[in-house]
Peer 1: 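Here you go, one structure.
Protein chains get the first letters and strands the later ones, always in sequence-line order, with residue 1 at the start of each.
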Protein chains: 2
Amino acid sequence: MKCNCYAGECPHNLCMHKVPIFSSLSQEEMSHISSIINHNNYQKGEILFSEEDSLRSLIIINEGSVKGFKITPEGREQILHVFSVGDFFGERNLFGGQKSAYTAEALEPTKTCSFTKDDFHKILFAYPGIAIKIIETLEERIARMESTMQSMGVRSLDGRIGGLLLDFADKYGEVVPEGILIRLPLSREGIANFLGVARETVSRKLGQLEIDGVIRPVGNKNILLLDGEALKTMTGKDT
Amino acid sequence: MKCNCYAGECPHNLCMHKVPIFSSLSQEEMSHISSIINHNNYQKGEILFSEEDSLRSLIIINEGSVKGFKITPEGREQILHVFSVGDFFGERNLFGGQKSAYTAEALEPTKTCSFTKDDFHKILFAYPGIAIKIIETLEERIARMESTMQSMGVRSLDGRIGGLLLDFADKYGEVVPEGILIRLPLSREGIANFLGVARETVSRKLGQLEIDGVIRPVGNKNILLLDGEALKTMTGKDT
DNA sequence: CGAATCCTTGAGAAGTTTCAACATCCGTGG
DNA sequence: CCACGGATGTTGAAACTTCTCAAGGATTCG
């Protein structure tokens with residue numbers, strides 16, 4: 001049995017099909033679950049929840065992207081996560097954790113689906129296969145964070161920026177004839193806040209990478225990665 | 001029904017009681033599972049598995065501690081995780097992931113329990129409650145990594161080192177009259193490799209913190225944290 | 001098209017790394 | 001139990017990188 005729902009036409013089922021954690025369910029099971037989904041829209045810059053909020057729901061991104069960050073004592077944003085379509089978050093509130101560890105802000109117009117804690121627990125017990133999917137997804141997230149930590153730990157800034165570009169290429173890249181086109185989820189300033197360096201420094205390093213023929217910026221929001229191998233060598237991600 | 005097994009006397013049940021993920025099981029269920037556990041001992045410096053290994057088991061630390069690291073292109077170790085008693089790892093190999101993302105090396109004499117992939121999947125389906133425990137544990141790990149990333153992202157090196165000390169205090173600290181005694185899992189060099197800075201810089205910063213009366217080194221393997229509040233203010237972890 | 005935002009570039013100040021020498025710690029074997 | 005040797009940690013000074021502040025340029029969105 002095929003589903004006839006497409007984006008925008010059938011909002012209640014939308015996220016179910018985009019999200020790996022429900023992929024093991026039958027259409028019937030999905031229908032059952034979809035009845036208890038809550039939907040929300042956020043504009044760019046809008047806050048989904050703040051640090052310390054006792055949010056009690058799991059949020060799945062249906063469209064758009066969201067950054068999770070904390071404010072450092074220097075008053076700077078430290079970005080911890082960039083979530084995009086299909087990612088979920090807020091789950092810490094459902095499993096033992098009490099308060100949110102970070103603030104979540106929409107990076108662009110974003111649509112979400114969410115479950116309350118109670119509903120979600122019911123789902124989990126009714127469909128144990130979902131738990132395994134969640135574990136797999138969390139594993140992916142951990143792997144991504146490991147990769148980010150590896151990038152952040154590289155001594156040279158060139159290496160750190162290169163590592164982040166590779167991470168982004170992996171997640172947001174699209175293969176084109178000349179290389180990989182990366183739709184940057186973050187501005188230069190965002191990248192700087194992710195890596196914990198000055199915005200100007202990111203500019204300079206990116207400029208140098210362009211001179212070296214490794215990348216070619218396409219506007220401010222895209223980067224064409226011409227020589228991924230150079231980056232991999234530089235960052236140690238070539239194994 | 002109480003268990004009569006104590007450390008060293010009943011190796012097959014040992015890890016079961018130390019590991020949160022099995023805490024929901026009855027004694028009987030534990031007995032069943034314990035029959036399929038494999039045991040291993042490692043000396044300090046011994047490798048449990050290497051990057052790229054297609055390891056197929058879940059490893060639980062029963063005694064000792066283990067670091068997970070990669071080698072950077074500069075030839076330096078980038079430490080990604082420090083696992084200690086009760087932590088498990090290698091799970092990436094069980095859920096979709098194929099290869100290990102890092103090398104695991106014992107930091108001290110270490111005893112482990114492990115399951116094969118197949119056995120573990122059987123357990124998971126037989127006792128669904130374990131899946132939820134695993135999710136909770138992974139959440140904790142993610143929270144810890146978020147904290148580490150936050151530490152790494154702080155601009156000032158003082159803040160980065162302070163953040164790491166707080167993380168360690170949280171996990172390895174023991175409250176004593178004068179403050180918190182931290183049993184460092186890593187050497188100065190290890191700390192440097194965790195944060196991606198020079199060993200000498202760690203020495204200098206730690207020296208400065210001592211002069212400021214924030215910490216007092218106790219030998220090379222312990223640090224007495226006298227003024228945790230100072231660190232929290234410095235790192236933004238005071239919320 | 002224009003305003004607001006975001007990005008780039010320059011030059012001096014500040015911080016970190018490097019290299020080198022010395023001190024300390026720890027385990028080994030006598 | 002002590003002495004030795006390798007490993008680990010500390011300190012100093014010069015070189016390098018990054019940061020900060022400031023100004024000008026580019027991009028995006030309404």
Peer 1: State, with a plain yes or no, whether a side-chain heavy atom of B:Leu184 is found less than 4.5 Å away from one of B:Tyr172.
Peer 2: no
Peer 1: Are A:Glu51 and A:Ser100 close enough that a side-chain donor and a side-chain acceptor fall under 3.5 Å?
Peer 2: no
Peer 1: What class does the angle between the rings of B:Phe83 and B:Phe89 fall in, given that below 30° is parallel, 30 to 60° is tilted and above 60° is perpendicular?
Peer 2: parallel
Peer 1: Does anyone know the first and last nucleotide of DNA chain D in reach of chain B, 5' to 3', at under 4.0 angstrom to a heavy atom?
Peer 2: D:dG9 to D:dT20
Peer 1: Does this structure show an ion pair linking A:Arg144 with A:Asp87, if we count only N-O contacts that are shorter than 4.0 Å?
Peer 2: yes
Peer 1: Would you call A:Lys99 and A:Asp53 a side-chain contact if the rule is heavy atoms closer than 4.5 Å?
Peer 2: no
Peer 1: Looking at B:Gln78, B:Lys70, B:His81, which hits side-chain hydrogen bond (donor to acceptor under 3.5 Å, both in side chains) with A:Glu146?
Peer 2: B:His81
Peer 1: Do B:Leu165 and B:Leu209 have side-chain heavy atoms sitting under 4.5 Å apart?
Peer 2: yes
Peer 1: For residues B:Gly173 and B:Ile180, report the shortest heavy-atom separation together with the two atoms involved.
Peer 2: CA-CG2, 3.7 Å
Peer 1: Strictly under 4.0 angstrom, non-hydrogen atoms only: write out the protein contact profile of nucleotides 5-10 of chain C, one letter per nucleotide from the 5' end, B, S or -.
Peer 2: --SBBB
Peer 1: Name the residue closer to the 5' end of DNA chain D, choosing between A:Ala198 and A:Gly219 according to the nucleotide with the nearest heavy atom.
Peer 2: A:Ala198
